[in-house]
Amino acid sequence: MTSMHLIPEKQAAEQEWVRESRFGQWFQTTNIWYDYVLSEAIFDFKQLLGKNVSGTRQLLDIGCHQGLAFQLLEEHFAPKTIIGVDIDGEQINLAIEAGTRCQCQVKCEQGTVYKLDLPDNSIDLIFCHQLLHHLSAQTRGLDELYRVLAPGGVLLLGESCRSFLDLFWVRLLFRHPKQIQKTAHEFVELVKSRGFHISDEEIKSSIPWWSQKDLGVTEKIGWPRKQQEPTEVLMVARKPKLGCSGD
Ligand SMILES: C[S@@+](CC[C@H](N)C(=O)[O-])C[C@H]1O[C@@H](n2cnc3c(N)ncnc32)[C@H](O)[C@@H]1O
């Protein structure tokens, strides 16, 4: 679907959307992104979850870009259906193509996290990777994910933190709204404040080499690393089961 055919709601969402820079879009198609950012995040999520994940029927990949995660998600979580949603129509066309390489059913749609075309409580697992820091209304996006997630369902949320997004070269090459960026701790608190439950054992904050000021050179040559503040955070956030406060 091209933006020319968007219904008014989607047009409104597009107007409040800050499109990633061309460099940023290209970077997300490189092996560095695939191997060190995306694949590692999915591997880490699997580790964080351990055995605490039951049969996944409907998996939503929100902000799916070109669908590069589809095959990895299929391999690790064996869903019956993957639903890929992204606001960028150009990327969705490539995601549709990526979906044809999966064994499971894959449905892709151009849409916004602020208003998903999905019923309440219909999704078992949401993969939301590197989307939130692009949103000017993060709370609204999280509330919509909460709405579509089934009670007992899981949100896998991976984000870049302020300490990374504020680096000079990141600001120069990529594009995100500036004022709403958060620390790892602030992201966890934000997600909890929307009703999700997160246990400390299911949070991983880190400073991977590609997110360091000097791209990990200092560390590689054995000098002590000065940077302490996490640049990346992954968390497993659960929507409580009905009748269960979880406290
Ligand atoms: C940094 S990319 C991450 C892509 C993918 N999740 C990954 O990890 O490789 C962020 C994606 O979010 C999409 N996006 C931005 N705002 C959105 C919104 N309001 N609703 C849905 N997708 C959005 C962008 O078009 C982009 O494809």
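Bear in mind that the values here come from a model prediction, so they are computed numbers and not experimental data. Whatever order the structure lists ligands and atoms in, that order sets their numbers, starting from 1.
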Check your understanding: Quick one: does Val85 get within less than 4.0 Å of ligand 1, heavy atoms only?
Key -> no
Revision key, fill the gap. Contact region, His134 to ligand 1, non-hydrogen atoms below 4.0 Å, reads side chain
Exercise for review: With heavy atoms under 4.0 Å as the rule, classify the contact between Leu38 and ligand 1 as side chain, backbone, both or neither.
Suggested key: side chain
**Study point:** Where Thr56 and Leu59 come nearest, the two heavy atoms and their spacing
**Key:** CG2-CB, 4.1 Å
Review point. Counting from 1, what ligand 1 atoms have a heavy atom of His65 closer than 4.0 Å?
Key: 4 (C), 27 (O)
Practice item. Write out all pairs satisfying side-chain hydrogen bond (donor to acceptor under 3.5 Å, both in side chains) with one or both partners inside residues 171-181, taking only residues at least two apart or from two chains. Key: none
Review point. Is Gln28 near ligand 1, meaning one of its heavy atoms is under 4.0 Å from it?
Key: yes
Exercise for review: For ligand 1, find out whether one of its N or O atoms is nearer than 3.5 Å to an N or O atom of Tyr114.
Suggested key: no
Check your understanding: Has Leu68 got any heavy atom lying under 4.0 angstrom from an atom of ligand 1?
Key -> no
Check your understanding: Short N/O distance, under 3.5 Å, between Asp86 and ligand 1?
Key -> yes
Exercise for review: For Asp88, take its heavy atoms, then give the atoms of ligand 1 lying under 4.0 Å from any of them.
Suggested key: 25 (O)
Check your understanding: What do you reckon, does Val113 have a nitrogen or oxygen under 3.5 Å from a nitrogen or oxygen of ligand 1?
Key -> yes
**Study point:** Option among Gln91, Glu97, Gln25 that satisfies the side chain to side chain donor-acceptor pair (under 3.5 Å) test with Gln66
**Key:** Gln91
Review point. So is there a nitrogen or oxygen of Gly63 less than 3.5 Å from a nitrogen or oxygen in ligand 1?
Key: yes
Practice item. Please verify whether a non-hydrogen atom of Gly111 lies at under 4.0 Å from ligand 1. Key: yes
Point to revise | Carboxylate-amine/guanidinium proximity below 4.0 Å for Glu159 and Lys182 | key: no
Practice item. Of all the heavy-atom pairs spanning Glu201 and Leu48, show the shortest one and how long it is. Key: O-CD2, 3.6 Å
Exercise for review: Compare all side-chain heavy atoms of Phe77 with those of Lys46 and state whether any distance is below 4.5 angstrom.
Suggested key: yes
**Study point:** Numbered atoms of ligand 1 (with element) below 4.0 Å of Gln130, judged on heavy atoms
**Key:** 1 (C), 2 (S), 3 (C), 10 (C)
**Study point:** For the student: nearest non-hydrogen atoms of Leu234 and Gly158, plus distance
**Key:** CD2-CA, 3.6 Å
Review point. Where is the tightest heavy-atom contact between His133 and Gln130, given as atom of each residue plus distance?
Key: CE1-OE1, 3.1 Å
Review point. So among Ile62, Leu157, Leu155, Leu73, which one has a side-chain contact (heavy atoms from CB on, under 4.5 Å) with Phe127?
Key: Leu73
**Study point:** Heavy-atom gap Trp33 to ligand 1 smaller than 4.0 Å
**Key:** yes
